[in-house]
Amino acid sequence: IEERAMDSNAQEQERGITIYSKNTAITYKGNKINIVDTPGHAAFSKIRERGANLTDVSVLVVAADDGFMPQTDEALKFAQRAQGTLVVAINKMDAKGADPEKVKTQMQERSIPSEDWGGEVVTVPISALKGDGVDDLLDMILLQAELMELKANPEAVTGGVIVEARQEVGRGPTATVIVQKGTLKIGDAIHCGSVYCKVKAMIDDQGQQVKQAPPSTPVNILGWSGVPDSGGIVARSKNEREARREAEEIGRASC
C-alpha cells in the first residue's frame, strides 16, 4: 500500500494529505532542529514507526477538537517503544469545539499526564493554521534537547540514517539521509546494507544542491548502486572500492 501511495504523491499533495516522511531542517534561536513529519493515515503505520525511531524528541500532535484517535494511540506506542522524549502538541486550538482539557484527561488515562496535571509530559497548545504557540513548542523542543545533552561532532567519522529511498526517473536510486555525525561531502564513499554510493550530488530540503552536509542535516543523495532500505544505517568508507566491498560482504551475509 505504501509503495502504491508513493506513486500518487502529486494527487495527494493537492488534497493536503501527507503520505510520506517530510524532512525539514530549521534554525531557531541559533539552533538547528531537524523535523521529520510522518503521515497520519492508517495505511502508513511503518512510516510512523520509522519516524519515531529516527527522532530524539517525539512530538505527538493531538487535535484539540477530536482528541486521541486510533492513529494517535499507535504513534504514542511507537514513541514509547523508541524510548525518546515525548512532547504533546495540542493542535487546532482555533477550531470550534477545541477542548484541551479533554485531551489532557485522555493523556491521564494513557498514563502520560501533562506537566500541569502533575505529570512529566510537556504539553503545548498550538494552532498550526494561525501559527499560535509554535514558538513555544520550539522552545520546549530546545529545552528537551538541552536536558538530553544532544550534541554532534562535525569532525567525527560520518554516519547517518536513511529516512526514505526510491527509484527516480532520470536520477536512478536516491535516498534521503539525515547526517547524525561528521560532515558528508560530495565525492565521499558511503554504504548502507548491501548497497554503496559515491556521492554525486546532494540536494537539501529546499531543493538546492549543496556540497556538504553537517550533523542534523537532511539531504537527498544521488549515486547509489541500488535502492537502500529505509531506516538503514549509513556509514562512510575510505573510498568507493572499500564501500563496494563492505556492501557486498553484508549482502552475502544476509543471503
Side-chain angles (χ1 to χ4, degrees), residues 1-6 9 12 17-26 33-64 66-92 100 102-115 117 119-126 128 134 137-138 140-145 147-148 150 159-166 175-180 192-193 205 216 218 228-234:
I1 295 175
E2 292 176 5
E3 291 177 356
R4 291 199 298 271
M6 291 294 290
N9 279 348
E12 298 299 327
I17 299 172
T18 302
I19 61 170
Y20 55 94
S21 296
K22 293 181 181 178
N23 209 197
T24 305
I26 66 170
I33 302 175
N34 190 16
I35 301 170
V36 181
D37 178 19
T38 57
H41 283 267
F44 307 111
S45 173
K46 289 183 179 179
I47 298 179
R48 284 192 293 276
E49 183 174 18
R50 189 163 66 240
N53 290 332
L54 289 174
T55 56
D56 298 298
V57 179
S58 294
V59 179
L60 187 67
V61 181
V62 186
D66 292 331
F68 276 72
M69 305 294 282
Q71 290 95 294
T72 318
D73 283 323
E74 181 189 61
L76 172 60
K77 178 184 68 176
F78 291 149
Q80 291 174 322
R81 188 181 298 167
Q83 297 183 337
T85 295
L86 178 67
V87 173
V88 172
I90 304 179
N91 191 25
K92 297 186 179 180
K102 180 184 76 172
V103 174
K104 293 177 183 179
T105 298
Q106 292 175 328
M107 291 173 60
Q108 188 87 19
E109 293 169 350
R110 287 160 175 78
S111 300
I112 53 165
S114 175
E115 274 189 332
W117 280 38
E120 298 182 353
V121 178
V122 173
T123 307
V124 185
I126 68 169
V134 173
L137 177 60
L138 294 175
M140 289 300 101
I141 291 174
L142 289 183
L143 176 60
Q144 298 306 310
L147 293 173
M148 297 169 69
L150 297 179
V161 62
I162 304 286
V163 179
E164 283 192 325
R166 64 198 71 83
T176 301
V177 174
I178 296 177
V179 179
Q180 296 175 310
C192 177
D205 58 306
S216 193
D229 292 333
S230 297
I233 301 300
V234 176

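Keep in mind that what you see is a predicted model, and the values were worked out from it rather than measured. The analysis underlying the following values was restricted to heavy atoms, covering all of them including side chains, and did not include hydrogens, waters or symmetry mates.
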Who pairs with Glu115 by side chain to side chain contact (heavy atoms under 4.5 Å, CB included), at least two apart in sequence or on another chain?
-> Val122

Pairwise distance CD(Gln144) to CG(Leu150) - rounded to 0.5 angstrom | 9.5 Å

Contact check, side chains of Leu86 and Glu120, non-hydrogen atoms, under 4.5 Å | no

Mind checking what makes side-chain hydrogen bond (donor to acceptor under 3.5 Å, both in side chains) contact with Lys104, not counting sequence neighbours?
-> Asp116

Nearest heavy-atom contact between Ser114 and Thr123 is OG-OG1, 2.9 Å

CD1 (Ile26) and CD1 (Ile33) are apart, to the nearest 0.5 Å, by 4.5 Å

Euclidean distance, Ile126 CD1 relative to Leu138 CG, rounded to 0.5 Å = 9.5 Å

Val234 and Ile162, any side-chain heavy atoms less than 4.5 Å apart | yes

Which pair of non-hydrogen atoms, one from Pro218 and one from Thr24, has the smallest distance, and what is that distance?
-> CG-C, 4.4 Å

Among all residues two or more places apart in sequence or in another chain, which pass the side chain to side chain contact (heavy atoms under 4.5 Å, CB included) test with Thr72?
-> Leu60, Val62, Phe68, Met69

Residues two or more places apart in sequence or in another chain: which of them pass side-chain hydrogen bond (donor to acceptor under 3.5 Å, both in side chains) with Asn34?
-> Asn23

So CG of Leu76 and CD of Gln80: to nearest 0.5 Å the spacing works out to 4.0 Å

Under the salt bridge (charged side-chain N to carboxylate O under 4.0 Å, His left out) rule, collect the residues that match up with Asp73, sequence neighbours excluded.
-> Arg110

Tell me, please, which residues at least two apart from Leu143 pass side chain to side chain contact (heavy atoms under 4.5 Å, CB included).
-> Met140, Leu147

Taking all atoms of both residues into account, what is the closest heavy-atom pair of Ala165 and Ser230, and its distance?
-> N-OG, 3.6 Å

Please report the shortest heavy-atom distance between Met107 and Val88, naming the atom on each side.
-> CE-CG2, 3.8 Å

Looking only at heavy atoms, the pair that brings Ala64 and Ile90 closest together is CB-CG2, 3.6 Å

